[in-house]
Amino acid sequence: MNPIKVFPKIFPAFLLLFFFSGALQSQILKKLGKRAERAVERTVENRVDREASKKTDEVLDSILEPGSKKSPTDTQIENPLPPSGQDNPGNVGGNNGSGSTPGQPTKKTIEVYSKFDYVPGDKPLFFDDFSNDFIGDFPSKWNTNGGGEVVSINDSDEKWFELISGYNIYYIPDIPNLPEEYTIEFDIMALGLDNKTSSTSFLRVALSDDDKFKDGANFVHAHIPFCQYSPIGITMANHINNKREIYSVVRADLRDEILDRPHVSIAVNKQRFRLWVNEEKHIDIPRIVPQGAVLKSLKFHMNNFKDGKERVFISNLKVAEGGLDLRRKLISEGEVSTNGILFDSGSANIQPQSMGIIRQISQVLQEENGMNLMIIGHTDADGPEDANLSLSQKRAAAVKNALVSVYGISDSRLQTQGKGESQPIGDNNTPDGKAQNRRVVFKKI
């Protein structure tokens, strides 16, 4: 298959568009009169009657040219996925418009995440990085009423699931009824976004009491925006017994983040719903989750993206029960085990979104001056046993270094061990089991 490249707008095409639409633009503005003038002065999301027709919306966009804090370039895709039904090359390349290559996000330091307060659940319910799926297949653990497929990115070993815009719903049948306390995490990658990406382009994350493709009588929706010309904000909505209780747009500017492989973290604690994008918490609503409702399923839905151009992928989806305060458990029981401290594959580099747990451990040590800890690293069984033992030792040392260098804990209060793959608690033949085995234990000594 020949590579397809999407080039920036060329000048002749712009002139043709200008002369072709000039008369129509003039007529529309005359008809809208004062209302259109006020809309020009405001941001695009507030312009009046923009839903009157698709053509009217397109013309207004071309006239208004809303200001942006950046100018995303058109995406160049060397080996794009073809439209549904065509052969699949199985590899996506090129530039994502953010200055970084897909699969290679801008490196964030753990210092940036030093105040990050998200703590993932400690009992894994579901994990999928699509490692057991073939390129071009629909993920085996998911279900849909539409389409989608697993792809690889450039030369990376990572796999991503490409969602398709439209009426498609994606959900995971294998997650048991969601408990009262749980967390959700996943990575997003977007390609092809620019200043024409619609203000109604979003990824919906839904928690629902319906176990198929409907909203259900009880649900919570979070709409993550992908628009680039204006900070649209995150829309939050719920229904309780088929009645809307909350529908609100929370101010948030995610334009830079959405281009740079953001990590999304969600914590549900009974009726409370919190959402972080990277290290920043954007949503914290204490009473939005239906009380007493059994929310059975986690669902995703893409809305209003241009087919074949604006593309959205997700990976590393993790759902875990818990997300409670680890500090009390460490003080009362003298030991906590967590698989929420993540490392780069085959490396002791701590992924910065793990800092919420390390921060809580530091707070215990700051309050309990007489407490000393043993930090014990564990790995899955991938790779040679001796290499895993060494890796687990290095990972335990990396956690100790973060406590010392970022939070000022005395080096003398911390010791480290590595157990490698010798003490598994899950099945090393499955992604879920491997995720359970990759853990760090903090033990009072």
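Proximity of Lys196 to Lys306: side-chain heavy atoms (C-beta onward) are separated by under 4.5 Å at one or more points. Within the 4.5 Å cutoff, the side chain of Pro120 has heavy atoms near those of the Ile357 side chain. At least one side-chain heavy atom of Ile224 sits under 4.5 Å from a side-chain heavy atom of Ile258. Under the 4.5 Å side-chain criterion, counting only non-hydrogen atoms from C-beta, Tyr118 is in contact with Glu185. Inter-residue side-chain proximity for Cys227 and Leu254 is flagged as unmet; no heavy-atom pair is nearer than 4.5 Å. Using a 4.5 Å cut-off on side-chain heavy atoms (C-beta onward), Leu317 and Ile172 make contact. Side-chain contact between Pro173 and Asp211 is absent, with no heavy-atom pair separated by less than 4.5 Å. Contact annotation: the side chain of Leu403 approaches that of Ile375 to within less than 4.5 Å [non-hydrogen atoms, C-beta and beyond].
When all heavy atoms of Asn437 and Ile425 are compared, the pair lying nearest together is OD1-N, 2.7 Å. Considering all non-hydrogen atoms of both residues, Pro225 and Ile232 come closest at CB-CB, 4.0 Å. Pairing each heavy atom of Ile409 with each of Ser362, the nearest pair is CD1-O, 3.9 Å. Listed here is the closest heavy atom pair of Asp427 and Asn429: OD1-N, 2.9 Å. Taking every heavy atom of both residues into account, Met355 and Tyr113 meet most closely at CB-O, 3.4 Å. Closest of all the heavy-atom pairs between Leu414 and Lys400 is O-NZ, 3.3 Å.
Between the side chain of Asp253 and the main chain of Arg255, a donor-acceptor pair closer than 3.5 Å is present. When atom types are taken as modelled, the side chain of Thr144 and the backbone of Ile169 share a donor-acceptor pair closer than 3.5 angstrom. Here the side chain of Arg261 pairs no donor or acceptor atom with the backbone of Asp187 at under 3.5 angstrom. Judged by distance alone, with hydrogens and angles left aside, the side-chain atoms of Ser315 form no donor-acceptor pair with the main-chain N or O of Trp160 at under 3.5 Å. Between the side chain of Asn428 and the backbone N or O of Ala381 there is at least one donor-acceptor pair closer than 3.5 Å.
Surrounding CG of Asn369 are more than 12 heavy atoms belonging to other residues, nucleotides or ligands, all under 6.0 Å away. A 6.0 Å sphere centred on CD of Glu385 holds no more than 12 heavy atoms belonging to other residues, nucleotides or ligands. Within a 6.0 Å radius of NZ in Lys281, more than 12 heavy atoms belonging to other residues, nucleotides or ligands are found.
Salt-bridge annotation for Lys141 and Asp432: present, with a side-chain N of the basic residue lying under 4.0 Å from a carboxylate O of the acidic one. Using a 4.0 Å cut-off between a side-chain N of Lys or Arg and a carboxylate O of Asp or Glu, Asp210 and Lys212 do not qualify as a salt bridge.
Note that CD1 of Ile283 is 5.5 Å distant from CE of Met236, once rounded to the nearest 0.5 Å. In this structure, NZ on Lys329 lies 12.0 Å from CD on Gln360, to the nearest 0.5 angstrom. Within the model, atoms CG of Leu373 and CD1 of Ile361 stand 7.0 Å from one another, a figure rounded to the nearest 0.5 Å. Put simply, NE2 on His221 and CD1 on Ile234 are 15.5 Å apart, with the number rounded to the nearest 0.5 Å. Between the CD1 atom of Ile341 and the CD1 atom of Ile358 there is a distance of 4.5 Å, given to the nearest 0.5 Å. In this structure, Gln366 CD and Arg327 CZ are separated by 10.5 Å, a value rounded to the nearest 0.5 Å.
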Problem - Audit row: Asn278, His263, side chain to side chain donor-acceptor pair (under 3.5 Å) steps and yes/no - result: CA-CA 5 Å; Asn278 293 333; His263 183 80; over 6 Å; no
Exercise for the section: Tell me, with the steps shown, if Lys434 and Asp382 meet salt bridge (Lys or Arg N to Asp or Glu O under 4.0 Å). Expected result: CA-CA 9 Å; Lys434 290 178 183 179; Asp382 286 353; 3.2 Å; yes
Practice task
Give the intermediate values and the outcome of side chain to side chain contact (heavy atoms under 4.5 Å, CB included) for residues Phe126 and Leu298.
Solution key: CA-CA 11 Å; Phe126 180 86; Leu298 166 64; over 6 Å; no
Problem - Intermediate values then yes/no, side chain to side chain contact (heavy atoms under 4.5 Å, CB included), Ile314 and Val264 - result: CA-CA 10 Å; Ile314 66 174; Val264 177; over 6 Å; no
Exercise for the section: Could you walk me through whether Ser199 and Tyr229 pass side chain to side chain contact (heavy atoms under 4.5 Å, CB included), step by step? Expected result: CA-CA 8 Å; Ser199 61; Tyr229 62 67; 3.5 Å; yes
Problem - Intermediate values then yes/no, side chain to side chain contact (heavy atoms under 4.5 Å, CB included), Met302 and Asn168 - result: CA-CA 7 Å; Met302 280 176 59; Asn168 306 327; over 6 Å; no
Handout entry: Verdict with supporting geometry, Asp215 and Lys299, salt bridge (Lys or Arg N to Asp or Glu O under 4.0 Å)
Key = CA-CA 9 Å; Asp215 283 341; Lys299 304 178 184 181; over 6 Å; no
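Using modelled atom types and a 3.5 Å distance limit, the side chains of Asp133 and Ser140 yield a donor-acceptor pair. Side-chain contact, Asn269 with Glu181: a donor N or O sits under 3.5 Å from an acceptor N or O.
Aromatic ring centres of Trp142 and Phe300: separated by under 6.0 Å.
Among pairs with a residue in residues 235-256, those fulfilling ring-ring contact (aromatic ring centres under 6.0 Å, His included) read Phe219-His239, at least two apart in sequence or across chains.
Considering only residues two or more places apart in sequence or on other chains, Gln393 meets the side chain to side chain contact (heavy atoms under 4.5 Å, CB included) condition with Leu389. Here Phe226 pairs with Phe305 under the ring pair (Phe, Tyr, Trp, His ring centres under 6.0 Å) rule; sequence neighbours left out. Among residues two or more places apart in sequence or in another chain, the ring pair (Phe, Tyr, Trp, His ring centres under 6.0 Å) test is passed with Phe213 by Tyr171. Residues meeting the side chain to side chain contact (heavy atoms under 4.5 Å, CB included) test with Gln423, sequence neighbours left out: His378, Lys419, Arg439. In terms of the ring pair (Phe, Tyr, Trp, His ring centres under 6.0 Å) criterion, Phe343 has no residue partners (sequence neighbours excluded).
Between Arg438 and the choices Asp129, Asp380, Asp344, the salt bridge (Lys or Arg N to Asp or Glu O under 4.0 Å) rule is met once, by Asp380.
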